[in-house]
**Student:** 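Below: one structure in structure tokens.
Both ligands and their constituent atoms are indexed starting at 1 by order of listing.
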Amino acid sequence: MKISEDMKNQLEQAARAIKSAKHIVAFTGAGISVESGIPPFRGEGGIWNTYDPEVLDLDYFFSHYSQSWKAIKSIFYDFLKDKKPNAAHHILSQWETKSHLKSIITQNIDNLHKEAGSVDVIEFHGNAQRLTCLDCEHLFEVRDWVFNEKAPSCPNCGGRLKPDFIFFGENIPEQAFHAAHQATWLCDLMLIIGASGEVSPANRIPEMAKSNGAIIIEINPGETLYTSKVTDIYLQGSAGKVLSDIDMALRQMDT
Ligand code: APR
């Protein structure tokens, strides 16, 4: 598809900003995994159009353990198990190697940044690849787990198991919270990729970066709550396509 003159200028402006930045941080949401076949939570084809978000409410989980697990299993385990990183995840991993990018703060629990080879990944909402026992606090890797129709119980103590990601009404993991704030204060450029800005406290991260003087580049097929509030350069399009175009522009600058 032919890129418009406007978009070409925006891409070049973004590539110049990335080239001269000293400390870049990417802030990613569900949109970056859409091209891996994982639906977003909101908007067209969003998970919350099919499932009631209540299934991920902590109090509901404790009072409706089996029902909650039934939904969790189908949303996050049956669905996620064969999904692979896409071009967007791979480009961010390459940029980390080339030291353009220092770290990724992700709201995603799908582990795809790490599977793409990214090292400094701050999992602000946790990770679905681990289960934790609410009674003996034992941690299990999901890859060694076989789910069936029954809600899982701890092989260690028979206790209840919870995915190691945060539910609505649950605090952000302390270590991730501090690491995300530190990365945000250090960055002079933040890339927002595929995030709607609908959920707090995650949605405060780009605002903090902005108030600290960072340049904000946003990649999303549609405008979001960030676009009119913090974004300096808005690049309309899918994560894979736009990141590939920026990567191309950066390579041309190097030649
Ligand atoms: N490339 C880039 N962005 C895309 C793409 C794509 N291919 N497809 C969709 N998007 C955008 C949508 O336009 C939307 O703005 O991704 C965004 C996804 O928004 P949400 O579904 O709200 O996801 P996110 O912002 O990550 O949600 C935050 O909400 O439900 C909770 O804990 C969950 O971490 C999640 C949090």
Side-chain angles (χ1 to χ4, degrees), residues 1 7 11 14 26-58 60-61 68 71-72 75-76 79-80 83-92 104-113 116 121-129 162-173 176-177 180 190-207 216-231 233-247:
M1 196 182 72
M7 185 61 170
L11 282 169
F27 175 72
T28 67
I32 199 169
S33 297
V34 166
E35 291 147 78
S36 296
I38 303 175
F41 291 94
R42 297 166 190 84
E44 204 190 314
I47 288 170
W48 298 143
N49 302 345
T50 315
Y51 292 89
D52 182 336
E54 188 184 41
V55 294
L56 275 193
D57 175 85
L58 201 56
Y60 179 87
F61 177 75
S68 184
I72 291 168
I75 301 172
F76 297 106
F79 206 80
L80 277 185
K83 298 298 181 284
K84 297 280 173 258
N86 63 60
H89 297 105
H90 289 296
I91 288 171
L92 291 184
I104 298 172
I105 303 169
T106 188
Q107 297 173 91
N108 302 344
I109 58 171
D110 56 29
N111 203 47
L112 293 184
H113 283 300
V121 179
I122 300 163
E123 298 169 327
F124 203 68
H125 290 161
N127 187 317
Q129 293 303 310
K162 177 182 169 296
D164 199 22
F165 57 74
I166 63 153
F167 284 35
F168 293 116
E170 201 176 351
N171 289 331
I172 302 295
F177 189 82
M190 180 167 276
L191 282 165
I192 308 175
I193 307 169
S196 63
E198 304 260 349
V199 165
S200 70
N203 57 7
R204 285 208 283 280
I205 290 172
E207 290 167 16
I216 309 291
I217 298 177
E218 183 181 8
I219 301 172
N220 198 309
E223 297 206 357
T224 68
L225 296 175
Y226 298 119
T227 317
S228 56
K229 226 183 335 182
V230 296
T231 300
I233 304 173
Y234 168 58
L235 299 169
Q236 182 168 28
S238 66
K241 175 79 174 72
V242 174
L243 284 174
S244 310
D245 290 341
I246 299 175
D247 195 49

**Student:** Take L56 and I72, measure what side chain to side chain contact (heavy atoms under 4.5 Å, CB included) needs, and give me the verdict at the end.
**Tutor:** CA-CA 8 Å; L56 275 193; I72 291 168; 4.0 Å; yes
**Student:** Is the backbone N or O of G126 less than 3.5 Å from a side-chain atom of D164, with the two atoms forming a donor-acceptor pair by type?
**Tutor:** no
**Student:** Salt bridge check: are E35 and K83 linked by an N-O gap of less than 4.0 Å?
**Tutor:** no
**Student:** Quick one: nearest non-hydrogen protein atom to atom 17 (C) of ligand 1, plus distance?
**Tutor:** G194 O, 3.5 Å
**Student:** Between N127 and N111, does any side-chain donor sit less than 3.5 Å from a side-chain acceptor?
**Tutor:** yes
**Student:** If the cut-off is 4.0 Å to any non-hydrogen atom of G29, which atoms of ligand 1 fall inside it?
**Tutor:** 26 (O)
**Student:** What is the closest protein heavy atom to atom 35 (C) of ligand 1, and at what distance does it sit?
**Tutor:** F41 CE1, 3.6 Å
**Student:** Would you mind checking which non-hydrogen protein atom is closest to atom 28 (C) of ligand 1, with the distance to 0.1 Å?
**Tutor:** Q107 OE1, 3.2 Å
**Student:** In terms of relative ring orientation, are F27 and Y226 parallel, tilted or perpendicular, with 30° and 60° separating the classes?
**Tutor:** perpendicular
**Student:** Classify the contact between H125 and ligand 1 as side chain, backbone, both or neither, using a heavy-atom distance cut-off of under 4.0 Å.
**Tutor:** side chain
**Student:** Does D52 have more than 12 heavy atoms from other residues, nucleotides or ligands lying within 6.0 Å of its CG?
**Tutor:** yes
**Student:** Please work out which of N220, I166, I32 has its closest non-hydrogen atom nearest to atom 12 (C) of ligand 1.
**Tutor:** N220
**Student:** Just to confirm my output: which protein heavy-atom neighbour is closest to atom 8 (N) of ligand 1, and how far is it?
**Tutor:** V34 CG2, 3.6 Å
**Student:** For ligand 1, which is the ligand I care about here, please tell me if A30 has any N or O atom under 3.5 Å from one of the ligand's N or O atoms.
**Tutor:** yes
**Student:** Using heavy-atom distances, let me know which of P221, A239, A202 sits nearest atom 3 (N) of ligand 1.
**Tutor:** P221
**Student:** Among L191, T224, I233, whose side chain to side chain contact (heavy atoms under 4.5 Å, CB included) with E218 holds?
**Tutor:** T224
**Student:** Considering only protein heavy atoms, which is closest to atom 36 (C) of ligand 1, and at what distance to one decimal place?
**Tutor:** V199 CG2, 3.7 Å
**Student:** Judged by non-hydrogen atoms, does W48 sit under 4.0 Å from ligand 1?
**Tutor:** yes
**Student:** Just to confirm my output: which protein heavy-atom neighbour is closest to atom 19 (O) of ligand 1, and how far is it?
**Tutor:** S196 CB, 3.4 Å
**Student:** If you measure from each non-hydrogen atom of F168 to ligand 1, which part falls under 4.0 Å: side chain, backbone, both or neither?
**Tutor:** side chain
**Student:** Which residue supplies the protein heavy atom nearest to atom 5 (C) of ligand 1, what is that atom called, and how far is it?
**Tutor:** G31 O, 3.5 Å
**Student:** Nearest to atom 29 (O) of ligand 1 by heavy atom, E218, E35, R42: which?
**Tutor:** R42
**Student:** Looking at every non-hydrogen atom in both residues, tell me the closest pair between R42 and V199 and how far apart they are.
**Tutor:** NH2-CG2, 3.2 Å
**Student:** Flag the pair I105 / T28 as yes when at least one side-chain heavy-atom distance between them is below 4.5 Å, and no otherwise.
**Tutor:** no
**Student:** Do the two ring centres, one from F165 and one from F76, sit under 6.0 Å apart?
**Tutor:** yes
